[in-house]
Amino acid sequence: MFRWVFLAAMLLATPVSATQEYVLPTLFDVSGVAADDVLNIRARPTTRSEVIGTLAPDATGIEIVATEGNWGRVNLAERSGWVSMHFLRYRTDVWESGSLPAGFTCGGTEPFWSLDPEGGGMRWSTPEGDRIFERLTVLDSGVLRSPRRALLAQDAAGTVSATVTPKQCSDGMSDRVYGLEATVIFQDDPVRLYSGCCQITAPR
């Protein structure tokens, strides 16, 4: 019972405005770009900045982790860049109640780890091996399209819980900027805590 009270409190700790159409990070599709053109990804949020990548005119599932004016921040292989929000249309099917987006994954360093939904449960992976947890429960904050989540799963040896909070986050290994911060707690013996970042699609 205490676990559920704690997770619910974490979900409500920092309310997110329910008045805006979406809460970042979320996914967008390219819209309004000519079929023979591309949408530029720039190093900084200005049209005078260098182009460091492009998006196809029919590109979908673009994860925007932050905005500055009319620019949205998107991750590339080892860095992040900026695209014009004028040519992006947000998707309403990303953060649905009680669930996670299909591309959702979390990870951290020191030590390296990843936590991924899998087959109704979650897979915890480290260089030492994998651990499979079953019966994944996903809690949300009740705010429309908010990415704030709490996760709970278990195996024969114990329980893992995670809180996922909209907040800019660094993996400490690249110049990418993530839009979700994760805190993972293993309620084994001993109790352990890990911190890291989450994303909802692979970097471009």
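Just the heavy atoms: all of them, side chains too, but no hydrogens, waters or symmetry mates, feed the values below. Only a predicted model underlies this, so the values are computations on that prediction, with no experimental measurement involved.
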Enquirer: Do I52 and V74 sit in one hydrophobic cluster, given that two such residues count as connected whenever their side-chain heavy atoms are within less than 4.5 Å of each other, even indirectly?
Expert: yes
Enquirer: What's the shortest heavy-atom distance between E96 and R149, and which atoms?
Expert: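 Minimum heavy-atom separation between E96 and R149: O-NH2, 3.0 Å.
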Enquirer: Could you tell me whether the side chain of P127 reaches within less than 4.5 Å of the side chain of P111, counting heavy atoms only?
Expert: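 They are not in contact (no side-chain heavy atoms under 4.5 Å apart), so the answer is no.
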Enquirer: Would you mind reporting whether R91 and D29 have side-chain heavy atoms less than 4.5 Å apart?
Expert: yes
Enquirer: What are the two closest heavy atoms between E134 and A153, and how far apart are they?
Expert: O-CB, 3.4 Å
Enquirer: Which pairs pass ring pair (Phe, Tyr, Trp, His ring centres under 6.0 Å) with one or both residues in residues 167-191, sequence neighbours excluded?
Expert: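 Of all non-adjacent pairs touching residues 167-191, those that pass ring pair (Phe, Tyr, Trp, His ring centres under 6.0 Å) are W124-F186, F133-F186, F186-Y194.
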Enquirer: Could you grab the distance from atom OG of S49 to atom CZ of R42, nearest 0.5 Å is fine?
Expert: 7.0 Å
Enquirer: Side chains of L27 and T201: closer than 4.5 Å at any heavy-atom pair?
Expert: yes
Enquirer: Measure the OG1-CG distance between T54 and D37 for me, rounded to the nearest 0.5 Å.
Expert: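 Answer for the OG1-CG pair, T54 versus D37, is 9.5 Å.
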Enquirer: If you look only at pairs with a residue in residues 110-146, which of them pass as a disulfide (SG to SG under 2.5 Å), with sequence neighbours excluded?
Expert: none
Enquirer: State the CD1-OG1 distance between I62 and T26, to the nearest 0.5 angstrom.
Expert: 12.0 Å
Enquirer: Just wondering, do V83 and N40 contact through their side chains at under 4.5 Å, heavy atoms?
Expert: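 With C-beta onward as the side chain, the pair stays apart.
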Enquirer: Looking at R176 and M173, would you say the former's side chain and the latter's main chain have a donor-acceptor pair under 3.5 Å?
Expert: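 Here the side-chain-to-backbone pair does not exist.
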Enquirer: Measure the acute angle between the ring planes of Y22 and Y90, then classify it against the limits of 30° and 60° as parallel, tilted or perpendicular.
Expert: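 Correct class here is tilted.
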Enquirer: Looking at residues at least two apart in the chain, or sitting in another chain, which of them share a side-chain contact (heavy atoms from CB on, under 4.5 Å) with S31?
Expert: R89
Enquirer: Is there a side-chain contact (heavy atoms from CB on, under 4.5 Å) between R204 and L55 once you walk through the steps?
Expert: CA-CA 9 Å; R204 296 278 162 172; L55 295 172; 4.0 Å; yes
Enquirer: Could you tell me which residues satisfy ring pair (Phe, Tyr, Trp, His ring centres under 6.0 Å) with F87, sequence neighbours excluded, listed by chain and number?
Expert: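 Partners of F87 by the ring pair (Phe, Tyr, Trp, His ring centres under 6.0 Å) criterion come out as none, since no residue qualifies.
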Enquirer: Heavy atoms only: give me the nearest D188-G158 pair and the separation to one decimal.
Expert: OD1-CA, 3.2 Å
Enquirer: Would you tell me whether C106 and C198 have their SG atoms within less than 2.5 Å of each other?
Expert: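 Disulfide present: SG-SG distance under 2.5 Å.
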Enquirer: Return all side-chain donor-acceptor pairs below 3.5 angstrom for residues 115-123, not counting sequence neighbours, or 'none' if the list is empty.
Expert:
{"residue": "D116", "atom": "OD1", "partner": "T105", "partner atom": "OG1", "Å": "2.2"}
{"residue": "E118", "atom": "OE1", "partner": "R123", "partner atom": "NE", "Å": "2.8"}
{"residue": "E118", "atom": "OE1", "partner": "R123", "partner atom": "NH2", "Å": "3.4"}
{"residue": "E118", "atom": "OE2", "partner": "R123", "partner atom": "NE", "Å": "3.2"}
{"residue": "E118", "atom": "OE2", "partner": "R123", "partner atom": "NH2", "Å": "2.7"}
{"residue": "R123", "atom": "NH1", "partner": "D130", "partner atom": "OD2", "Å": "2.7"}

Enquirer: Could you check V65 against Q199 for side-chain contact (heavy atoms from CB on, under 4.5 Å), going step by step and ending with a plain yes or no?
Expert: CA-CA 9 Å; V65 299; Q199 61 191 42; over 6 Å; no
Enquirer: Can you run down the side chain to side chain donor-acceptor pair (under 3.5 Å) pairs that involve residues 56-84, sequence neighbours left out, and say none if there aren't any?
Expert: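 For residues 56-84: R73-S80.
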Enquirer: Hey, quick one: are I41 and M85 part of the same hydrophobic cluster, counting side-chain heavy atoms closer than 4.5 Å, chains of contacts allowed?
Expert: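 As far as the 4.5 Å side-chain criterion goes, M85 and I41 are connected within one cluster.
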Enquirer: Between W95 and P101, which heavy-atom pair has the shortest distance, and what is it?
Expert: CZ3-CD, 3.4 Å
Enquirer: Roughly how far apart are T183 OG1 and E181 CD, rounded to 0.5 Å?
Expert: 5.5 Å
Enquirer: Membership question, hydrophobic clusters at under 4.5 Å side-chain separation (ILVMFWY): are L180 and L151 in the same one?
Expert: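 Result: yes, single cluster for both.
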Enquirer: Does one hydrophobic cluster hold both L76 and L39, with members joined at side-chain heavy-atom distances below 4.5 Å?
Expert: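 As far as the 4.5 Å side-chain criterion goes, L39 and L76 are connected within one cluster.
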Enquirer: Please name the pair of heavy atoms, one in C197 and one in S170, separated by the smallest distance, quoted to 0.1 Å.
Expert: SG-O, 3.3 Å
Enquirer: For salt bridge (Lys or Arg N to Asp or Glu O under 4.0 Å), just list the numbers for R145 and D93, CA-CA rounded to whole Å, side-chain angles, deciding distance to a tenth of an Å, and then say yes or no.
Expert: CA-CA 9 Å; R145 303 189 184 113; D93 61 346; over 6 Å; no
Enquirer: Does V38 reach the side chain of V33, with side-chain heavy atoms less than 4.5 Å apart?
Expert: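 No, their side chains stay 4.5 Å or more apart.
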Enquirer: Find out if a path of hydrophobic residues (ILVMFWY) with successive side-chain heavy-atom gaps under 4.5 Å connects L88 to L24.
Expert: yes
Enquirer: Would you indicate whether E110, at its atom CD, is surrounded by more than 12 heavy atoms from other residues, nucleotides or ligands within a distance under 6.0 Å?
Expert: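 Count not over threshold, so no.
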Enquirer: Checking D140 against R148 for the salt bridge (Lys or Arg N to Asp or Glu O under 4.0 Å) test, could you report, in this order, the C-alpha distance in whole Å, the side-chain angles of both residues, the deciding distance, and whether it holds?
Expert: CA-CA 6 Å; D140 61 77; R148 187 179 299 275; over 6 Å; no
